[in-house]
Amino acid sequence: MHTIKSRLRARIGEILAGAYPIAPNDIDFIIPPQAKMGDLALTLPFGLAKRQKLNPRAVAQEMMSRLGTLPGVARMEVAGAGYINLFLDKDAFFAARLAAAGTTALRPAERKVIVEHTNINPNKAAHIGHLRNTCLGDTLVRCLRFQGETVEAQNYIDDTGVQVVDVVFGFLEIEKKSLADLDGIERFDFYCWDLYARTAAMLEKEPAAQARKTEILKAVEHGQGEAGAMAAYVSRRILRAHLATMKRIGAAYDVLPCESSILDLRFWDKAFERLKQEGAITLAGEGPNAGCWVMRLEDEEDKEKIIVRSSGTVTYVGKDIAYQMWKFGLLERDFYYEPFAEDEGRTIWMSTAAPNERGIHFGGGSRVYNVIDTRQSYLQKVVVQGLRALHFEAQAAKSTHFSYEMVALSPRSMKELGATIAAGDEDKAFHEVSGRKGLGVKADDLLDKLEANAYAEVAKRNPDLPEETKRRTSRDIARGALRYFMLKFTRNALIIFDFAEALSFEGETGPYLQYTAVRLNSIFRKLEEREGRTLAAVGEAGREHPPAMSTLPAQEQADAWGLLTLSSQLDDEVLRSIEALEFSHLAKYAFSLCQACNGYYHKYPVLNEEDAGLKAVRLQVLYSARDVLVRALDLMGIPVPERM
RNA sequence: GCGCCCGUAGCUCAGCUGGAUAGAGCAUUUGGCUUCGAACCAAAGGGUCGGGAGUUCGAAUCUCUCCGGGCGCGCCA
């Protein structure tokens, strides 16, 4: 649909250019609410009628007669208050769709796109909130790559931050453990989850301990002593656990830039210099911020943001401005890199301050997406203002904060977790996840639960499958269920997490989509078993001898056409999802496509159809739908098992 | 106080940048497995789109206002 829309847009623009005052952007299509109203509709007459104070219907009539015949369009009609409805040439469209199987008409727009996501503090196990971040970020990466963009997936590691320091403090001061003791701890990320909560509670109760924590923080920032070594150990080991967790949902990264490298390579000094040079920050002489370097904020006259404290240390925002500059290649510096892990043949690189001769480079994107929850909107805005203050207007315009709402816990989930509800919070509709309080659903626990439920279903339905296949299938189903669950909500929707809802495998869920794909695959597998025709052979037959749809009986033609046009909208949906950063669009689209597939093959048998003509059409319609569905699922990171 | 977000069916949510009769899933009721897989399909009931005003050919969608809920606004990260 994307292809024919672009073609029609260009052609209509050409024809009407002399007759009406229209810009190319005015020509837009909507999909009519009912199939009998056509395949595409022009709303152009409404806009023109308004400007020229004419009757929209009359404008539509005149416009339609000017348009004459359009390529690929069988007929047009004026309808409703002034729509021009287009009915496509079904056979030509069918043939074009079959020829285009497995391809996209989308084209890249950027030199290089950087997507930063996940970014979990490496001091405890990942939880459901982190899963939402990664699902959104990884889906964005997949969609951009589908569009043909060169994409770098970055996962920023704050390995010297206070959260890591808290855990180091816990080991050293509360548990009196040495670095050597840590190797013996199993499920290290879960262990630290509890320790972090205990430490946070203890530090709150005993302010006197703050001094010791500050000491540890300094040592960690300079990589000195046992604390420094322990911070490196904790952050690396937790990071490996995070990567393993995210691998379970199919997320991968190209590079892991570390806070420690930023400190060691003094990225901030360079940025500080520039900020001062450009007058973007000034030294406050008096008032409450005396002695601090501050940045004035747009919109808020009376406010200034502290970038460098009076003690000379840089704040979080300041570091983030420097880091954002690096992402755009504006810092004139880069990290060194060394391999951190291998993932299915691809190396995941980690930044280091230690020079090497590898010649590997990252960063320097022409567009940057930061996937961070909405609570950081204000700070993200300040970071972009920092770029603007340095006169990097173009980069500021291409810095996108991909914000999304948090995942909270329903009262029922709280009960299932055995969590106690704080006094005064009894009436709340939801409870915020908090790593500091150790309150939340750990990602691996949820995935384990999903897998266990999936395993029970698989074992019930396919008892004869080998054990390893059952396990693998359960993992695929768990991943599908989770990824769809995280994508089906719009990003501004607060997800109030409920186990029953998240663990459902029926209705609008990942497993429903997977089941549809499995059944479609099954039809083609049986076709090969019974008739020796492979999927590839069906595809080739469709490309070379596309069957005609126009000869079908009316009802069947309508149903086949409905499924075909729906399955032709992947490009449009991907583009729309990227532009709006709203992958619920893609999710809903894939779900609708599955509903249409299930309805279609339920109504029209393929393998047992004796009429060769009917069979050929049905086979090709399903071939096309299968092709699109499998790709849509892949974009969402949802795998398709062989059986389920 | 200022900024941002949310309010749509009993519940959980969509609603394609202002379009034609507001849609899904769950739950409820009913029907369908001897056929390419029932994690499915077919059908039914269920709505003052938080309230009010405005903009116009046309509003769930845009503007204003009020009500209810959430999140931000630190010499923390």
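Note: hydrogens, waters and symmetry copies are ignored here, and every other heavy atom, side chains too, is used. All of these numbers come straight from a predicted model, not from anything done at the bench. In what follows, every chain begins at residue 1, and chains take the letters A, B, ... in the order their sequences are listed.
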> If each of A:Glu432 and A:Ile30 is mapped to the nucleotide of RNA chain B with the nearest heavy atom, which maps nearer the 5' terminus, i.e. the 5' end?
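So the residue in question is A:Ile30.
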> Using atom C1' of each nucleotide, how far apart are B:A39 and B:A44 to the nearest Å?
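Looking at atom C1' only, B:A39 and B:A44 are 24 Å apart.
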> Would you kindly say whether A:Asp159 and A:Ser260 are connected by a side-chain donor-acceptor distance under 3.5 Å?
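Judged by distance alone, the side chains do pair up.
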> Output yes when a side-chain donor or acceptor of A:Thr315 lies under 3.5 Å from a complementary backbone atom of A:Ile307, and no otherwise.
yes
> So, does A:Thr118 use its side chain to make a donor-acceptor pair with the main chain of A:Ile120 at under 3.5 Å?
no
> If you check every side-chain atom of A:Arg576, which of B:C13, B:C16, B:C36 has the closest atom?
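My answer, after comparing the listed nucleotides, is B:C16.
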> Could you measure between the two C1' atoms, the one in B:G74 and the one in B:U8, and give it in whole Å?
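The same atom, C1', in both gives a distance of 38 Å.
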> Could you measure between the two C1' atoms, the one in B:C41 and the one in B:A24, and give it in whole Å?
16 Å
> Using a distance-only criterion (donor-acceptor N/O pair, under 3.5 Å, no hydrogens), is the base of B:U21 paired with the side chain of A:Gln34?
yes
> Please determine, for the side chain of A:Tyr316, which listed nucleotide (B:A77, B:G25, B:A39) has the closest atom?
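Nearest to the side-chain atoms of A:Tyr316, counting from C-beta on, is B:A77.
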> Within the pair A:Thr490 and B:A14, is there a side-chain N or O less than 4.0 Å away from OP1 or OP2?
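Indeed, a polar side-chain atom of A:Thr490 lies that close.
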> So what does A:Phe497 touch, heavy atoms closer than 4.0 Å: a base, only the sugar-phosphate, or nothing?
nothing
> Do A:Asn370 and A:Gln324 have a side chain donor and acceptor closer than 3.5 Å?
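A pair is found: one side chain offers a donor N or O, the other an acceptor, under 3.5 Å apart.
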> Base, sugar-phosphate or nothing for A:Pro605? Non-hydrogen atoms, less than 4.0 Å.
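Contact class for A:Pro605: base.
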> Do any side-chain nitrogens or oxygens of A:Arg461 fall under 4.0 Å of OP1 or OP2 in B:G37?
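No.
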> Taking atom types as modelled, find out whether A:Tyr600 and A:Asp559 have a side-chain donor-acceptor pair closer than 3.5 angstrom.
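A:Asp559 and A:Tyr600 do not have a side-chain donor-acceptor pair below 3.5 Å.
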> Name the residue closer to the 5' end of RNA chain B, choosing between A:Pro32 and A:Lys428 according to the nucleotide with the nearest heavy atom.
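Looking at RNA chain B, the more 5' nearest nucleotide goes with A:Pro32.
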> Identify which nucleotide among B:C6, B:C41, B:U56 has an atom closest to any side-chain atom of A:Asn492, counting heavy atoms from C-beta outward.
B:C6
> Just name whichever nucleotide pairs with B:G7, Watson-Crick or G-U, keeping both distances under 3.5 Å, else none.
B:C67
> Does B:C40 have OP1 or OP2 sitting under 4.0 Å from an N or O in the side chain of A:Gln595?
no
> Please report the distance separating the P of B:G58 from the corresponding atom of B:U12, rounded so that it comes out in whole Å.
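These two P atoms come out 35 Å apart once rounded.
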> When you compare the side chains of A:Gln514 and A:Asp476, does any donor N or O come within less than 3.5 Å of an acceptor on the partner?
no
> Does the side chain of A:Ser311 get closer than 4.0 angstrom to OP1 or OP2 of B:C75 through an N or O atom?
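A:Ser311 to B:C75 OP1/OP2: no side-chain N or O under 4.0 Å.
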> Taking atom types as modelled and ignoring hydrogens, do the side chains of A:Gln595 and A:Tyr512 form a donor-acceptor contact shorter than 3.5 angstrom?
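No pair is found: no donor N or O on one side chain lies under 3.5 Å from an acceptor on the other.
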> Quantified in whole Å, what is the P atom distance between nucleotide B:C62 and nucleotide B:G46?
29 Å
> With a 4.0 Å cut-off on heavy atoms, is A:Leu494 in touch with a base, just the backbone sugar-phosphate, or nothing at all?
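Touches sugar-phosphate only.
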> If I take atom CD in residue A:Glu531 and atom P in nucleotide B:C36, what distance separates them, rounded to the nearest angstrom?
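Computing the A:Glu531:CD to B:C36:P distance gives 13 Å.
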> Hey, does the Lys NZ or Arg CZ of A:Lys488 hover above the aromatic six-ring of A:Phe591, less than 6.0 Å from the centre and inside 45° of the axis?
no
> Under 4.0 Å, counting only non-hydrogen atoms across every strand here, what does A:Asn121 touch: a base, just sugar-phosphate, or nothing?
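Nothing, no heavy atom under 4.0 Å.
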> Do A:Arg483 side-chain atoms and A:Met636 backbone N/O form a donor-acceptor pair below 3.5 Å?
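Yes.
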> Given B:G25, B:C57, B:C71, identify the nucleotide with an atom nearest to the side chain of A:Phe591.
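Closest nucleotide among those given: B:G25.
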> Distance check needed: B:C36 P versus A:Arg530 CZ, whole Å only.
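My rounded result for the distance is 5 Å.
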> Less than 3.5 Å between a donor and an acceptor, one on the side chain of A:Asn85 and one on the base of B:A20, is that the case here?
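Under the 3.5 Å cut-off, the side chain and the base do form a donor-acceptor pair.
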> A:Ala429 near the nucleic acid: base, sugar-phosphate alone, or nothing, with a heavy-atom cut-off under 4.0 Å?
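It contacts nothing in the nucleic acid.
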> Consider the side chain of A:Met37, meaning its heavy atoms from C-beta on, and name the nucleotide among B:U12, B:A20, B:G32 that approaches it most closely.
B:A20
> Using atom NE2 of A:His602 as one end and atom P of B:A43 as the other, report the distance to the nearest whole Å.
11 Å
> Would you mind telling me which of B:C71, B:A39, B:C36 lies closest to the side-chain atoms of A:Pro511?
B:A39
> Tell me the interatomic distance from A:Leu465, atom CG, to B:G37, atom C1', rounded to whole angstroms.
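Rounded to whole Å, this separation is 13 Å.
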> Across the strands shown, which category fits A:Val165 at heavy-atom distances under 4.0 angstrom: base, sugar-phosphate, nothing?
nothing
> CD of A:Glu501 versus P of B:A14: gap in Å, rounded?
11 Å
> Check whether any side-chain nitrogen or oxygen of A:Lys526 sits under 4.0 Å from OP1 or OP2 of B:G37, and answer yes or no.
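The answer is yes; a side-chain N or O of A:Lys526 sits under 4.0 Å from OP1 or OP2.
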> Using a 4.0 Å heavy-atom cut-off across all strands, classify A:Ala290 as base, sugar-phosphate, or nothing.
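Touches a base.
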> How is A:Val518 classified with respect to the nucleic acid when contacts are heavy atoms under 4.0 Å: base, sugar-phosphate, or nothing?
base
> Measuring to OP1 and OP2 of B:C41, would you say a side-chain N or O of A:Tyr512 lies under 4.0 angstrom away?
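Checking A:Tyr512 against B:C41: at least one side-chain N or O falls below 4.0 Å of OP1 or OP2.
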> What's the CZ-P distance between A:Arg309 and B:C76, to the nearest Å?
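From A:Arg309 CZ to B:C76 P: 5 Å.
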> Select base, sugar-phosphate, or nothing to describe what A:Lys50 touches, counting heavy atoms under 4.0 Å on all strands.
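Base, at least one base atom sits under 4.0 Å.
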> Taking atom P in both B:A9 and B:G50, what distance in whole Å separates the two?
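Approximately 8 Å lies between the P atom of B:A9 and that of B:G50.
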> Choosing from B:C40, B:A77, B:A14, which nucleotide comes nearest the side chain of A:Leu379?
B:A77
> Quantified in whole Å, what is the P atom distance between nucleotide B:U65 and nucleotide B:C4?
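Comparing P positions in B:U65 and B:C4 gives a spacing of 12 Å.
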> Measure from CG on A:Asp559 to P on B:A42 and round the result to the nearest Å.
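Checked: the CG to P distance equals 10 Å.
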> For B:C11 and B:G51, measure between their P atoms and round to the nearest Å.
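Those two atoms are separated by 15 Å.
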> Classify the glycosidic conformation of B:U35 as syn or anti, calling it syn when the angle lies within 90° of 0.
anti
> Measuring from the side chain of A:Phe430 (C-beta onward, heavy atoms only), which nucleotide among B:C36, B:C73, B:G70 has the closest atom?
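For A:Phe430, the side-chain atoms sit closest to B:G70.
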> Checking contacts here: which listed nucleotide (B:G37, B:C73, B:A14) is nearest the side-chain heavy atoms of A:Asn462?
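Among B:G37, B:C73, B:A14, the one nearest the side chain of A:Asn462 is B:G37.
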> Please determine if A:Glu573 and A:Arg576 form a salt bridge, counting it only when a charged side-chain N lies under 4.0 Å from a carboxylate O.
yes
> B:C75 base to A:Ser310 side chain: any donor-acceptor pair below 3.5 Å?
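Donor-acceptor pair under 3.5 Å: yes.
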> Quick one: label A:Met406 by what it contacts on the DNA or RNA (base, sugar-phosphate, nothing), any heavy atom closer than 4.0 Å.
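If one applies the 4.0 Å heavy-atom cut-off, A:Met406 turns out to touch the sugar-phosphate alone, with no base involved.
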> Does the side-chain ring of A:Tyr515 sit on the six-membered ring of the B:G37 base, less than 5.5 Å centre to centre and under 30° in tilt?
no
> Under 4.0 Å: is that the gap between some side-chain N or O of A:Arg375 and OP1 or OP2 of B:C73?
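No.
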> Once you round it to whole Å, what is the distance between C1' of B:C6 and CD of A:Glu405?
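Distance, rounded to whole Å: 8 Å.
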> Base, sugar-phosphate, or nothing: which does A:Ile477 touch, judged by heavy atoms less than 4.0 Å apart?
base
> Which nucleotide in the set B:A20, B:C36, B:G37 lies at the smallest distance from any side-chain heavy atom of A:Ala79?
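From the listed options, B:A20 comes nearest.
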